[in-house]
Amino acid sequence: MRPAARLPKGFRDIEAAELRATQAMLAAIRETYERYGFEPLETPAFEYTDALGKFLPDADRPNAGVFSLQDEDEQWLSLRYDLTAPLARFVAENYDRLPKPFRRFATGTVWRNEKPGPGRFRQFTQFDADTVGTESVAADTEICMLAADTMEAIGIKRGEYQIRVNNRKVLDGVLEGIGIDPADPEGERRLTILRAVDKLDRLGAEGVALLLGPGRKDESGDFTAGAGLEQNAIEKVLAFVASGAATGDATLDAIAPLVANSESGTKGLEELREMQSLISAAGYDDGRIRIDPSIVRGLDYYTGPVFEAELTFEVTDDDGRPVRFGSVGGGGRYDDLVARFTGKSVPATGFSIGVSRLQAALARLDRQSAAATLGPAIVLVMDRAELPRYQRMANDLRNAGVRAEMYLGTSGMKAQMKYADKRGAPCVIIQGSNERDEGVVQIKDLIEGAKAAQSIADNKEWKESRPAQVSVPEGDLVEEVKKIIARHQG
RNA sequence: GCCGCCUUAGCUCAGUUGGUUAGAGCGCUAGAUUGUGGAUCUAGAGGUCGGUGGUUCGAAUCUACCAGGCGGUACCA
C-alpha cells in the first residue's frame, strides 16, 4: 500500500515568501539583542528528559506534553519545549567558567506535544534573551526595554504593543492576605488561582470570579473546577487585579494597601517601585512598559517580576472575526531553575518572543516585512543544441551578482514563458536563431509586459507589439538585465 | 482530554421527499497562435461524495462507529 502524502498534525510546511519574512524578523530581533550586549548560544534540540524536568510524577515515563524517545542505552531524551530549560542546564554544567552575570540570546525551534489550534502548532520558533547571575531588578527592567525595542525593530509601531509588568511576590502577598500560603508545597490552589487570573483578558472579571470560586461552565457546556475561594477572598483578588491605574506610580499606590501586611508583598512592591523608577528614567514610561497587576503568567517557576508583550491592535481572520493571539512574548524572573542541578540558587531573568505567533499576527495585518522577492532572470532555451550558449548567459548574469537561471525543463517556449511568470522573474532572455545570427538577445520585461497587457484585448496586437521587449547586443545583456531589475526594486 | 459544528474535483461551493451516468465557477493541461507569460474561444484531465459497517429494491442524502478539520474549554511543566 502506498503511503498517504500528508503532513503530521500540528506541523506545517513553510514556503519561500514566509521563510524570507521569518529570516528578516529573526535578523531584526538578533540585531537588537546584540546591541544590548547579549551573546549568541546554541544548544541542541534534544536534552535528557530529567534535565528538562519532564518526568511524570510517580512514573518512569516522560510527561505527555513533550516528544520523547529512548536512546539505545535506554535513557530518555526529549525535544526541548522551550529555550529556558536548556539554558539552565548549560549554565549549571558550565557555571565556573562563565562570566557572571551571564547574558545570552538563543533562537530555535521548540516542540510541544499538545493539541494544536489556530496559530498554535507543535513546532514553532522562539527567540530568547536571558540574564543569569544577578538579583538586580535592573536586569529585569532591561529585559523589558529590550522587549519594547525589539517590537519596534520588527516593525510594530509605538502604541501598537505594550510590555506589561507585574511581580509574583506582590501576588503572593495578596494570597497571604486571603489565607493561602504561597510557600505551601501542596500549592495546587495557588496555581489554580494564578491560572484563573491569567484568563482575565479572555473571560472577564465575572468568568475569573467563577474560576476563583465554585467553577465555571463554558459555552459548550463543559465545566471547569474552581479554586473554591470565599466571596470576600475573590473580591480581594479581583480588586488587586483591577488596581491598574493611569500611571505606574498611581498603580503602585493602589496596590500598596492590599499587600501592606505581607512581607513578600512588601518586597515585591519595592521591586516594582524600583523598576518603575528605572523605566521612567529611561523614558519607557510613555506607554511602552506599564505595570499591570493583571499579568500573572500561568507557569509556576517564576519567582519575581513577570512580563508579557501584547499587541494592542485588533487582528481579524479571513472572515473578519477578531482573532485572539494572546501574548506574543513573555518572561520573568526564575531564581530556582539552575538550583535544580547544582543545589545553589542562581538568580535569572529572561524573555521569550514567540516568533511564529508574532509573525502570524503580522501576516494577518498584511505587514510582512519582506515584500515579494523578485525571482531569477530566466534564460529561455529556444534551441536545445545551443544549451552551452544559454548556460553561459546565465553564468555571466550570476557572476555579475544577478539571480539567474537557464530554463532546465524540456517544454516549448510558451510553457517557458509561463514558468518565468510563475517564478516571478523580472525578465526573460530570448535568443533564437535569428537573434543569434545578428549577435543580439531579446530581453522581455515581464512586469512591464504584464502592465501593458491590461490595455491590450486583441491577441494579435498583444503578440505583435511585444510589449516591454528590447533587443540588445549580446555584450550588453548583463547591463540591460540589471537595469530592468533596478527599475523593479525601487 | 471534554463539548459542539463540519467533511462533495487542486480551491470555493451547488446537489430537490433517498431514485439512472454527481454538477458549477475558479484553477490546471492542450489547441486556436510554425518563436512570446495576459485576454478570448474550444477541448480535455481531474471524484471509491473523509473511512468502515448498518437500514433500504436503491444512499452524497438516513444511521452507528472511526478519522480529519473548525470553534469553545481544559492542559501548556
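Reminder, nothing fancy here: chain letters follow the sequence lines and each chain counts from 1. Side chains are part of it too, since the values below use all heavy atoms of this structure and drop only hydrogens, waters and symmetry mates.
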Polar pairs (N or O, both sides) under 3.5 Å between protein and nucleotides 26-31 of chain B?
none

All N/O pairs under 3.5 Å across the protein-nucleotides 74-77 of chain B interface:
from: B/A74; atom 1: OP2; to: A/R202; atom 2: NH2; distance (Å): 2.6
from: B/C75; atom 1: OP2; to: A/K199; atom 2: NZ; distance (Å): 3.1
from: B/C75; atom 1: N4; to: A/R120; atom 2: NH1; distance (Å): 3.4
from: B/C76; atom 1: OP1; to: A/R195; atom 2: NH1; distance (Å): 3.3
from: B/C76; atom 1: OP1; to: A/R195; atom 2: NH2; distance (Å): 2.2
from: B/C76; atom 1: OP2; to: A/R195; atom 2: NE; distance (Å): 2.6
from: B/C76; atom 1: OP2; to: A/R195; atom 2: NH1; distance (Å): 2.9
from: B/C76; atom 1: OP2; to: A/R195; atom 2: NH2; distance (Å): 2.8
from: B/C76; atom 1: O2'; to: A/E114; atom 2: OE2; distance (Å): 3.0
from: B/C76; atom 1: O2; to: A/E114; atom 2: OE1; distance (Å): 3.1
from: B/C76; atom 1: O2; to: A/R120; atom 2: NH2; distance (Å): 3.0
from: B/A77; atom 1: N9; to: A/K54; atom 2: NZ; distance (Å): 2.6
from: B/A77; atom 1: N3; to: A/K54; atom 2: NZ; distance (Å): 2.7
from: B/A77; atom 1: N3; to: A/Y81; atom 2: OH; distance (Å): 3.2

What are the atom names and distances for every N/O pair under 3.5 Å that joins the protein to nucleotides 41-46 of chain B?
none

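Within 4.0 Å of A/G449, counting heavy atoms only, lies at least one base atom of the nucleic acid. Among the protein residues, A/Q469 comes within range of the nucleic acid bases, having at least one heavy atom under 4.0 Å from a base atom. When heavy atoms are screened at a 4.0 angstrom cut-off, A/A450 is found touching base atoms of the nucleic acid.
Among residues two or more places apart in sequence or in another chain, the salt bridge (charged side-chain N to carboxylate O under 4.0 Å, His left out) test is passed with A/R398 by none. For A/F307, there are no ring-ring contact (aromatic ring centres under 6.0 Å, His included) partners, not counting sequence neighbours. Qualifying side chain to side chain contact (heavy atoms under 4.5 Å, CB included) partners for A/Q162, counting only residues two or more places apart in sequence or in other chains: A/R164, A/R290, A/T312. Partners of A/R216 by side chain to side chain contact (heavy atoms under 4.5 Å, CB included), not counting sequence neighbours, listed by chain and number: A/L203, A/L210, A/L211, A/D218. Under the ring-ring contact (aromatic ring centres under 6.0 Å, His included) criterion, A/F240 pairs with no residue, sequence neighbours left out.
Across the protein-nucleic acid pair, A/D458 atom CG and B/U40 atom C1' stand 10 Å apart, rounded to whole Å.
Sorted by first and then second residue, the salt bridge (charged side-chain N to carboxylate O under 4.0 Å, His left out) pairs with a member in residues 405-418 of chain A read A/E405-A/R423; sequence neighbours excluded. The list of ring pair (Phe, Tyr, Trp, His ring centres under 6.0 Å) pairs with a residue in residues 417-460 of chain A, not counting sequence neighbours, reads A/Y407-A/Y419. Listed by first and then second residue, the salt bridge (charged side-chain N to carboxylate O under 4.0 Å, His left out) pairs that reach into residues 440-455 of chain A are A/D445-A/R487, A/E448-A/K451, sequence neighbours excluded.
Of the charged side-chain nitrogens involved, at least one lies within less than 4.0 Å of a carboxylate oxygen, so that A/E386 and A/R436 count as a salt-bridged pair. Residues A/R103 and A/D130 are not paired through a salt bridge, judged by the lack of any N-O separation under 4.0 Å between the basic side chain and the carboxylate. Of the charged side-chain nitrogens involved, none lies within less than 4.0 Å of a carboxylate oxygen, so that A/K169 and A/E176 do not count as a salt-bridged pair.
Relative orientation of the A/F105 and A/F127 rings is tilted, given thresholds of 30° and 60° on the angle between their planes.
Candidate nucleotides B/G37, B/G35, B/G69 were compared by shortest atom distance to the side chain of A/K9, and B/G69 ranks first.
Rounded to whole Å, the separation between the C1' atoms of B/U36 and B/A45 comes to 26 Å. Taking atom P in both B/A9 and B/G23, the straight-line distance is 14 Å, to the nearest Å. Annotation: B/G18 and B/G1 have their P atoms spaced 35 Å apart (nearest Å). B/A39 and B/G27 have their P atoms separated by 7 Å, given to the nearest Å. On the C1' atoms, B/C62 is 25 Å away from B/C3, given to the nearest whole Å. Nucleotides B/C49 and B/A14, compared at atom C1', are 13 Å apart to the nearest Å. Comparing B/U16 with B/G54, their P atoms are spaced 25 Å from each other, to the whole Å. The gap from the P atom of B/G4 to that of B/C13 amounts to 24 Å, rounded to the nearest Å.
Side chain A/E435 to base B/G35: a donor-acceptor pair is found below 3.5 Å. A donor-acceptor contact under 3.5 angstrom links the side-chain atoms of A/K463 to the base of B/U33.
Around the NZ atom of A/K482, the shell of radius 6.0 Å holds no more than 12 heavy atoms that belong to other residues, nucleotides or ligands.
Consecutive pairing runs in RNA chain B reach the stem threshold at B:1-7 with B:67-73, B:10-13 with B:23-26, B:28-32 with B:40-44, B:50-54 with B:62-66, where a stem means at least three Watson-Crick or G-U wobble pairs with distances under 3.5 Å.
The distance from the CD atom of A/E230 to the CD1 atom of A/I178 is 10.0 Å, given to the nearest 0.5 Å.
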